[in-house]
Participant: 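This is the structure I have questions about; it appears just below.
Chain letters run A, B, ... following the sequence lines, proteins first and then strands; every chain starts at 1. Predicted, not measured: the structure shown is a model, and the values here were computed from it.
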Amino acid sequence: MISIAMATNRSAQRPNGAPQTKVCQFKLVLLGESAVGKSSLVLRFVKGQFHEYQESTIGAAFLTQTLCLDDTTVKFEIWDTAGQERYHSLAPMYYRGAQAAIVVYDITNQDTFGRAKNWVKELQRQASPSIVIALAGNKSDLAAKRMVEFEEAQAYADENGLLFMETSAKTAMNVNDIFLAIANKLPKSEVSTGGAGTRVLNDADAPRASSCCK
Amino acid sequence: MNHEEIKAVVQEKFLSSEKVTAFLCDAKVLHPDWVKKERLLAIVEYGDEKAVFCLFTSCYPPKSFTDLSVEIVLPVDNTFKCEIDNKPSDPEAILYLNLQSRNNKFKFEIQMTPRVDNFVDDLFRGIEAVNKLQLQPEFLWLKKYNGKNEDDILAHTMVAPRGGVTHMQNSAPVAIRESLIKRKMSDKENDYTFTKKFTVFCGTWNVNDKSPVIPLKGWLSVDKEPPDIYAIGFQELDLSKETFLFDQTAREDEWYNAVLNYVDRRAKYVKVEKVRLVGMLLIVLIKEKHFSHVRNVICDTVGTGIMGKMGNKGGVSIRLDLHNTSICFVNSHLAAHVEEYERRNQDFRDICNRTRFIQTNQQPKGIKDHDHIYWLGDLNYRITELDPQTVRKLVSENNFLPVLERDQLKQQHKNGYVFSGYTEGPITFKPTYKYDPGTDNWDSSEKNRAPAWCDRIFWKGNNIMQLAYRSHPPLNISDHKPVSAIFVSEIKIIDEEKYRKVYEEVIKQLDKLENELIPQVKVDITDIDFGTVKYLELQVRTITIKNTGKLPVEFEFIKKLDEASFCKEWLIVEPYKKCICADETCEIQLKVLINKTSACKMNAGIDKLYDILVLHLYGGKDIFITVNGTYERSCFGCSIEVLVNLNKPVREIPVGKLIELESKRDQCISNHSTYSIPKEIWFLVDHIYLHGLKEPNLFEQPGLHSEVLQIRDWLDTGSIDPIPGSIHSVAEALLLLLESTADPIIPYNLQSVCLRASANYLQCKQIIMELPEFRKNVFLYLCEFLQEALQHSAENGLDSKTLSTLFGAIFLRDNPNVIQEPQSRINKQVIDKKKAHFVYHFLTNDHSDLIFAR
C-alpha cells in the first residue's frame, strides 16, 4: 500500500535516531583558599593524575576538558586561580564572564570553609547572575581530621542554591561527578546562555561521515 | 568601522615588525571540511618577505585582534601561484581566488570591490619580487604561525586566539573544533557502523509523450520481494511546446500517480522526493519503515539542451542520506541523433559538473560526492558500425554480442570517455529502441533506424551488486521499452553505542592534543624584590622566561581590570610583549625609577612600591609576578608646607608622620611652622651664595648625576659634613628639588592669571602678594638670590633673560594632571615667553617693598 507521507519540504529535517551532537563551550573558574586542592582537582579531572606535592599556583592555570552528555557535548575552559590572599584582587579577571565556578575548601580546615563562603558571597555580588556555583569540600580522604561537618556545608549550599559535593582529588572521589553536575545544570541553548564566551553550534549533520573528503 | 580601523585591528594581530599591507574582508574559504564563513585575507610583510594569511573572525567586523585567529598561512615564495576566476553566473560580483603555495591549495570566494584590485596588485608585486630573487627567503618569522601538520594548525587555531582573559570570545575555535571532530569521526566510520543490505529498484522509460494508459505492474512489480527503494525515471513525458517553454505539464501527476498505483503492493512506500525538468521526471520512493532514517534530501536539475540550458535534454537528480550512506540518483536524457555520441559525452560531463546540492551551513555537494550513485535514463547512444538490417537479424537470433561490441556507449565507456568509474551490468535484453508504438515491431518509418540500447542503468560505489538488468517489452505504448535493474546495496548503519564510544575517544584525543598545545613556559622568578629604592636612582632586575612547550609562545603583560596600564607608573617592563620559539628563552628587564610624580605619591602614602603584573600567554595561562621594594623617603617630592615643618632631616621623620603631614599640608599655619622657607632650599642656596656666585656658567653647566644623588642623601640625612659635590651639582640639585615639590611654587590655578598679567609688573606683584605664605617666601627668597647672582654676571656669565626662562618654567609648572590640549609649538613658545616675562620683572626690579611688607 502507498501512503503519501507529509508534503516534503526539499531539505526537511526529520528525527532519524542518529546521535546528535551539540557542542557548548563554557568558562569555569576555580576559587578558594590556597592549598585546598584546586589545582589537584583540575589535574585529576583533566589528566587523571594526582601529585602529593602539587606546586603552588602563581597565576591562573588554563586547561580544557570536554564531557559528553546524553544530548550535548560540554567543553570546559578551566581557569584554576591562585589561592593566596595577595592575589585576591585579581580574581575578578577570571570569574568575570565565567558561566560556572567551583569554590573549594578543605574539610580539615574550618578557616578555608569561611573563606569559601566569602568567595560565594563575592560571586553572588560580582559575577554573572546566571553563574552556576558548585561548592567542593575537598580532601574527603582525610575524614579522620575533619573539621567541617558534611551537614553544615550541605545546609549552607542548600540555602545558597549551590551544587555541593565532598571530593577527593587523591582518590578521585566525586571529581568527575562535580564537573558533570555542573555540565548538567548549565543551560545549553544559545538563547538562555546568551553570554559572551559561549557559542552553541547545533550540528544536525555531525554523525554523518562526510564522504566528500575521502 | 571603516577600512582603516579594521586594518588597525588586523595589524594588532601581528608583531609591529610584521606589516599588514593589504587585506580583504568577507572572503569565503571553499573547503569541504570548513565552515563557509567570512574570512579575512591579509597580506603581511616582514622585511622583504610576504605571506598571505587567512584569518577566522569570530565577529564581523573584528573589534579586537582577539576576535581573529590565524587559519592558513601561505608564504609568497617561488611556488606561490594566484589565479582568478569569475563565477560564470555572476561574473560581475563574485570572484574566485585560487591561492597555492608549496603543496597547499585554497580557493576563496570574494566580493568584487575596488579593494580587490589593491589586494591583488599587492600580491602580484610580491610574487614578481620573490621570483627575481636568487635565494629564496626562509620565512622564519612564519614559524610561530605554523604547526607541524594540518591537525596541529587546526588545533593551534583552536587554542590560539583566546587573547586577553578579560575579553574572552571563543566562538571561532568552537567552529574549527566542530569540523575537526567531524573529520575524525568520518575517518573512523568503520568503527561504529555495520552494514545492512537494501534492495534498490531503478527503472527508466522514455514514454514518448504518452499518458499512462496501461498498467505498469509488469515493469515495477515483478520480483520476489518488494524492493526497499524505488528510483524511477521518465523521459519525454510531454513533448508539447508549452512544456518545453514554460516547464508546465499535467503529465507529471498522471505518471506519478500511475507509479504509486503499480509499485509493489506488498509493502508500504512513501515519497522521498520527485523532481522534473521539462520531460524528465525522477521519483524516489522508500519503504515507510526506512523513512525516518532518510535525511538531507536535496534535488537539482541541469538543462543541456539548446544554448546549453534548455531542459529538453539534461539531467535531474535527487540525493539523500540513508542511515550513514549518501546516495545519489540521476535521471538523464542525453543528446539525440546517431552520430552525436561526443555531444552525449559532453552532456554527461555537464550534468556532473553543474549538478549542485546546496545545503545550509555546508559545502555544496556534487554527484561524485556520494557513496552510492545510480545513473539511469535515455542515454541515446546508438549502433553505428552495422547496417540496420544486420542489427535486426543478429538481435532476432538473440546474438547480442557482435552488436554490443559496436554500441557507442560500450565503446566510449571502455575508453574512459564517459561514465568513468561507473559500472554497467551485462545486457541480455533486446534493444529498447525504436519500436512502432503499441507493438513489438521495429520502427517501420522511412528513417529505418538501427535498433539501439538507448535506455541504460549505471552505478558507482562500493558494495553494490546488481541482481537483474532487463527490459519490459509488453509495456509497448512508447517507441522505447522500459528498462529496470535491481541492486542489493550495503548501507552503513550507525551503532549508537559504538558511535558514542568512538565519539568520546575522538573528543578525548582532541582534549589531549589541545592541552598539550597549550603554551608552557618557565619563569625563573615570580617575586622580585628591589630592596631599597631611592629617588631618581634607576634599579634593574631581570627575569627569564623559557618556552618549555612545543609551539612558539606569544606573551604579553596584560592590564588588570579597571586599570589603565599593565603596571604602575614607576615601573618599566621591556619587552612587555614578544614571541618566544620553542626551547628558547627571553629576558625581560624590570626597571624601577621614582621620579617626582611617583615620589609625591609615595611620600603622601597614595602609592607604594608594590605591584602584581599579569604575564599572559596567548592561548594559555597567566603568571603573576610580584614586584616589591621599600622607598627611601626624601625631601624631593615633598611639599613646601611639609618641609617648613620638619625640624629634622626627612629620614629621621617616621614614615607615618610624613604621610600624616602630607595629607594635612593644606592646614599648615605659618605661626606654628619651624621655618619660613624649607631648610633644604636654604642649604643649597646658601652654599651657592657663599661659594659659587662667581662660578662660570652657573645654572648652565649640568652637575654630575652621582653628586646630585650624594647631595640628596646629604640633605635627607642631615649630615654635618660639608655639602658634597661641585657648585654645578648643587645648582642642579636645587633646580630638581624646586621642580619636585608636590605643588609648584605658584599654584596651578593661578597660572593663567600670571600669564595674562605677565606684561604688567604691578599686576604680577599683586599676584605674588596674595600667594600662600611659604610659597611667597620661597619665591621672593629665590628672586633675591638670583638678583644677587646677576650682580656677578661678569664672572658667572648669567643674564636675566636666561635665568627668567629657566626659573619661569620652575615657578610656573604645567599641571601634569590636566590633559593639555595638543598645543601648537608656537602656542607653547608664547606661553614659555610669558612665564619668563613674569619672572623677569622680579629679577630686574627692586621688590624689597614686598619683603618688608611682611
Side-chain angles (χ1 to χ4, degrees), chain A residues 1-6 8 10-19 21 23-25 27 46-47 57-68 73 75 77 79-80 82 84 86-87 89-90 92-94 96-97 196-201 203-214, chain B residues 32-33 165-166 168-171 174-175 177-178 181-183 185-186 189 260 263 265 268-271 273 288 291-299 321 324 326 359 362-363 365 369-371 494 496 499-500 503-504 507 510-511 514-515 518 526 560-561 612 614-615 620-624 626:
Chain A
M1 265 308 292
I2 292 294
S3 77
I4 300 172
M6 55 175 84
T8 34
R10 281 199 161 192
S11 57
Q13 294 290 330
R14 309 178 197 90
N16 51 53
T21 25
V23 177
C24 306
Q25 186 161 294
K27 180 181 167 189
V46 174
K47 297 188 176 164
T57 308
I58 300 172
F62 174 81
L63 284 166
T64 69
Q65 178 74 359
T66 311
L67 284 175
C68 301
T73 302
K75 187 185 173 207
E77 300 213 299
W79 285 95
D80 168 27
Q84 288 177 49
R86 62 168 157 161
Y87 302 128
S89 64
L90 296 164
M93 285 175 81
Y94 303 97
R96 203 175 272 189
T198 318
R199 196 175 71 160
V200 179
L201 287 176
D203 187 359
D205 199 36
R208 257 287 314 144
S210 55
S211 49
C212 48
C213 57
K214 280 179 192 165
Chain B
D33 274 357
V165 224
T166 46
M168 284 204 312
Q169 271 285 346
N170 284 333
S171 33
V174 173
R177 193 182 165 94
E178 292 263 327
I181 292 173
K182 210 158 144 184
R183 208 180 63 198
M185 285 309 288
S186 143
E189 194 185 40
L260 293 184
V263 290
R265 284 173 177 253
K268 213 169 173 184
Y269 292 93
V270 293
K271 181 183 81 172
E273 185 60 293
E288 194 184 34
F291 187 64
S292 63
H293 302 290
V294 173
R295 285 177 299 137
N296 304 319
V297 179
I298 306 166
C299 48
D321 292 317
N324 216 34
S326 57
Q359 264 173 294
Q362 287 205 29
Q363 284 299 302
K365 286 190 168 78
D369 305 321
H370 290 84
D371 298 331
I494 289 176
E496 283 190 38
Y499 177 88
R500 228 190 135 69
Y503 181 76
E504 279 171 18
I507 295 280
L510 277 182
D511 273 348
E514 200 170 322
N515 282 327
I518 288 177
T526 55
K560 286 152 276 186
L561 286 180
I612 299 176
V614 181
L615 174 65
K621 65 177 171 185
D622 293 352
I623 297 156
F624 297 157
T626 308

Participant: Do you know which two heavy atoms are closest between A/Thr64 and B/Ile518, and how far apart they sit?
Facilitator: N-CD1, 4.4 Å

Participant: Write down the atom of B/Ile612, the atom of A/Tyr87, and the distance for their closest heavy-atom approach.
Facilitator: CD1-CD2, 3.7 Å

Participant: Measure across A/Ala60 and B/Phe624 and return the closest heavy-atom pair with its distance rounded to 0.1 Å.
Facilitator: N-CZ, 4.4 Å

Participant: Let me confirm one number: the NZ-CG distance from A/Lys75 to B/Leu510, rounded to the nearest 0.5 Å.
Facilitator: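 Reported to 0.5 Å precision, the distance equals 9.0 Å.
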
Participant: Return the set of residues passing side-chain contact (heavy atoms from CB on, under 4.5 Å) with B/Glu504 (not counting sequence neighbours), or none when no residue passes.
Facilitator: A/Cys68, B/Arg500

Participant: Taking only residues two or more places apart in sequence or in another chain, which ones pass side-chain hydrogen bond (donor to acceptor under 3.5 Å, both in side chains) with A/Thr66?
Facilitator: B/Arg177, B/Asp511

Participant: To the nearest 0.5 Å, tell me how far B/Asp622 CG sits from A/Leu90 CG.
Facilitator: 9.5 Å

Participant: Could you tell me which non-hydrogen atom of B/Lys621 sits nearest to which non-hydrogen atom of A/Trp79, and how far apart they are?
Facilitator: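 Shortest heavy-atom separation between B/Lys621 and A/Trp79 comes out as CA-CZ3, 4.2 Å.
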
Participant: Which region of A/Ile58, side chain (C-beta onward) or backbone (N, CA, C, O), has a non-hydrogen atom less than 4.5 Å from a non-hydrogen atom of chain B, or is it both or neither?
Facilitator: both

